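The structure under discussion appears below in the form of structure tokens.
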Amino acid sequence: MNQSTERKMFCFQCEQTAGCSGCTGNTGVCGKTADIAQLQDKLTGSLVGLARAAEGNETLITDATDQLIIEGLFSTLTNVSFDEHRLSALVEKAEEEKRRIIPNCFSCVASCGKSNDYDLNELWNAQEDIRSLKSLILFGIRGMAAYAYHAKVLGYQDPSVNRFFYKALYAVGTSDWGMEELLPIVMEVGEVNLKCMALLDKANTETLGNPAPAEVSLTVEKGPFIVISGHDLYDLKQLLIQTEGKGINIYTHGEMLPAHAYPELRKFSHLKGNFGTAWQNQQKEFAGIPAPVLFTTNCLMPPKSSYADRVFTTEAVSYPGLVHIGEDKDFTPVIEKALTLGGYAEDMHFTGINGGNKVTTGFGRHAVLSAADQVIQAVKSGAIRHFFLVGGCDGARSGRNYYTEFVKNTPSDTLILTLACGKYRFNDLDLGTIGAFPRIMDMGQCNDAYSAIQVALALSQAFQCEVNELPLSMVLSWYEQKAVCILLTLLHLGIQNILLGPSLPAFISPNVLNCLVEQYNIAPISTPEEDLKKLLK
């Protein structure tokens, strides 16, 4: 995998990577240029260097060091930062922090490698099994860093989670570790990510209240409005506070939909509904709206010139030429743009992918487990035969209609739990109810996989069986690195028989895949009909 060609990249961290093997041209499928890809590799190498410097110098690690590691990793996640200046600034900060921790190493004539950064080309050109395991580690902690970042914004952090980032980065930069040393680190990513998701769950619920079921309209009312996308609920709350009483309505987009379930957010009467569907449709959906869009985290696609003047970014997400809202969280430019554009002259009635005009959300673990007795009784009586967790990332690659057809074909005595933006393939379907439960139950964002895990563990205790013995099947879709760390968490918990699609990760080597198949019976999706038959057998 030669990296010598000038202005060429190598990237295979997302599901839509070119040819299902890797983006190697001047521009990746996600829209980042070769220059940005190389700069992200340089930043990652700098973070590995910082982890090397911190080895044995843990007492010199500060909160600022942790923040730099987390933000740096988050910035290399797919569809987060396309901004050369912001990425370069993070590289410089990593160098400065390294010099602070090990100042003497930079004047030493007998270099021991303690001050060296890591060249990512060593990883991309490594033996395929080593590359596969290190990629799982690196991509997993990139996803986990997003969750740690959101929790930290709300004032929550876990020292054990923060320290693991250093351990994992150090492992990525090793030159003499084999599968025996790397595989335990891969599984530890899943273990620590469970802690990280629990931390973010605690941060969200203690700050905003426990999510409760909410019906969300897809109609956009007349007048000025703002669309907010991404994942950061703190940013949404600040925007709601700053727009209150100004005659501006707020609509969620993508992974922000679950915000409607939180009591401290839904109390704002101008949080009206949801606009659009999943992230990959934004270039089409945002092209004609008379309103600004605020991106709070990843899932930004390069905006087209027809609407780029209406897109704003904040936090780690950034794109050249767009107005970026800084740490002061003054959303005045967004508000002024909304008032200038004016919104629609009359109510606009939009629909979901399947023609529905509303969706529901808020079926997190608190909502489901508060009705645990009813759920258990419904299972015992035969009213609920099976649970399907159908969720994960959405994307543009063909084959994702599988998830729509799978859900449509599920028997009427089964419940579908869902989460993350993959739900937009089917969340506007009306599949009826089983007793008091709608057959499609949206548990929230991708990080709310923690809720799904807690529900599964509670049901296994109630039925006095292992999770793998429950009438529960997981049919997952993946796109980016948060899906990687969630999958590793499920494997850490020993959950088996997961179906994954629409394609398997390009960074999984045949030997590593065989290992996962043998230990966990993980398998690619086939057809909805065949998979349903297999899972219900």
Side-chain angles (χ1 to χ4, degrees), residues 146-147 149-151 153-154 156 197 200-221 225-244 248-279 282 285 291-300 312-315 317 325 329 331 334 338 350 352 358-367 391 394 418-424 427-428 441-451 482:
Y147 298 146
Y149 187 98
H150 295 315
V153 164
L154 293 172
Y156 290 71
M197 289 195 298
L200 180 54
D201 178 87
K202 181 179 180 181
N204 285 336
T205 55
E206 290 189 354
T207 305
L208 303 171
N210 292 327
E215 187 175 279
V216 183
S217 172
L218 303 183
T219 293
V220 176
E221 298 179 13
F225 68 99
I226 296 170
V227 175
I228 183 167
S229 190
H231 302 73
D232 200 290
L233 301 178
Y234 173 81
D235 285 334
L236 173 56
K237 184 175 182 180
Q238 299 310 305
L239 181 65
L240 288 167
I241 291 171
Q242 293 179 40
T243 51
E244 193 167 22
I248 300 173
N249 291 328
I250 307 299
Y251 294 86
T252 55
H253 171 265
E255 283 269 57
M256 282 300 231
L257 168 63
H260 293 272
Y262 288 90
E264 287 301 305
L265 297 177
R266 66 192 298 178
K267 72 180 183 182
F268 290 92
S269 61
H270 60 301
L271 177 60
K272 290 290 186 177
N274 191 72
F275 173 83
T277 52
W279 67 273
Q282 65 189 258
E285 293 175 343
V293 181
L294 174 64
F295 277 88
T296 64
T297 57
N298 61 306
C299 298
L300 171 70
F312 298 79
T313 61
T314 190
E315 297 293 349
V317 66
I325 306 300
K329 294 299 178 186
F331 292 118
V334 190
F350 296 100
K358 61 184 178 181
V359 294
T360 59
T361 190
F363 290 93
R365 76 179 193 282
H366 299 284
D394 204 356
T418 189
L419 46 80
C421 62
K423 62 175 166 271
Y424 280 103
N427 68 339
D428 63 321
M441 302 172 72
D442 176 13
M443 305 193 81
Q445 295 182 341
C446 52
N447 60 283
D448 290 312
Y450 178 75
S451 264
K482 285 181 284 184

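It should be emphasised that the depicted structure is a prediction, and the values quoted were computed from it without experimental measurement.
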- Note on the structure: Taking every heavy atom of Pro213 against every heavy atom of Arg266, the minimum-distance pair comes out as O-NH1, 3.7 Å
- When every non-hydrogen atom of Ala338 is compared with those of Pro292, the smallest separation belongs to CA-CD, 3.6 Å
- Message: So which atom in Phe295 and which in Cys299 form the shortest heavy-atom distance, rounded to 0.1 Å?
- Response: CE2-O, 3.7 Å
- Item | Interatomic distance, Leu240 atom CG to Ile228 atom CD1 [nearest 0.5 angstrom] | 7.5 Å
- Message: Can a donor-acceptor pair be found, under 3.5 Å and without considering hydrogens, that links the side chain of Thr296 to the backbone of Asp235?
- Response: no
- Query: From Leu233 CG over to Asn204 CG, what is the distance, rounded to the nearest 0.5 angstrom?
  - Reply: 5.0 Å
- I would like to know whether Asn298 and Lys482 meet side-chain contact (heavy atoms from CB on, under 4.5 Å); could you show each step before the answer? CA-CA 10 Å; Asn298 61 306; Lys482 285 181 284 184; 3.0 Å; yes
- Message: Any side-chain to backbone donor/acceptor pair from Thr313 onto Ile325? Under 3.5 Å, distance only.
- Response: no
- Item | Approximate separation, where rounding is to 0.5 Å, of Lys237 NZ and Lys267 NZ | 6.0 Å
- From Thr207 atom OG1 to Lys202 atom NZ, the distance as rounded to the nearest 0.5 Å: 10.5 Å
- Message: With heavy-atom distances below 4.5 Å as the criterion, would you say the side chains of Asp201 and Asn447 are in contact?
- Response: no
- Message: A side-chain contact here means heavy atoms from C-beta on lying under 4.5 Å apart; do Val216 and Leu257 qualify?
- Response: yes
Enumerate donor-acceptor pairs with a distance under 3.5 Å from any side-chain N or O in residues 272-279 to protein atoms, sequence neighbours excluded.
residue: Asn274; atom: OD1; partner: Thr252; partner atom: OG1; Å: 2.7
residue: Asn274; atom: ND2; partner: Gly276; partner atom: O; Å: 3.2
residue: Asn274; atom: ND2; partner: Tyr424; partner atom: OH; Å: 3.4
residue: Thr277; atom: OG1; partner: Asn281; partner atom: ND2; Å: 2.8
residue: Thr277; atom: OG1; partner: Glu285; partner atom: OE2; Å: 2.6
residue: Trp279; atom: NE1; partner: Asp394; partner atom: O; Å: 2.9

- Item | Minimum-distance pair of heavy atoms, taken over all atoms of Leu200 and Ala151 | CD1-N, 3.6 Å
- Message: Any heavy-atom pair between the side chains of His270 and Thr243 that's under 4.5 Å?
- Response: yes
- Query: Who pairs with Phe331 by ring-ring contact (aromatic ring centres under 6.0 Å, His included), at least two apart in sequence or on another chain?
  - Reply: none
- Query: Could you state the interatomic distance from NE2 (His260) to CG (Leu271), rounded to the nearest 0.5 Å?
  - Reply: 4.5 Å
- Message: Quick check against the 3.5 Å criterion: does Glu244 have a side-chain atom that pairs as donor or acceptor with the backbone of Phe268?
- Response: no
- Message: Strictly distance-based, threshold 3.5 Å: is any side-chain N or O of Glu264 a donor or acceptor partner for the main-chain N or O of Gly209?
- Response: no
- Taking all non-hydrogen atoms of both residues, which atom of Ser451 and which atom of Arg365 are closest, and how far apart? OG-N, 3.1 Å
- Message: So, applying side chain to side chain donor-acceptor pair (under 3.5 Å) with Thr297, which one of Glu255, His231, His150 is it?
- Response: His231
- Message: Using modelled atom types and a 3.5 Å cut-off, is there a donor and acceptor pairing between side-chain atoms of Gln242 and backbone atoms of Lys329?
- Response: yes
- Item | Donor-acceptor under 3.5 Å (His366 side chain, Pro211 main chain) | no
- Query: Between atom CG of Leu218 and atom NZ of Lys358, what is the distance when rounded to the nearest 0.5 Å?
  - Reply: 10.0 Å
- Just wondering, are more than 12 heavy atoms of other shown residues or ligands nearer than 6.0 Å to CD in Glu215? no
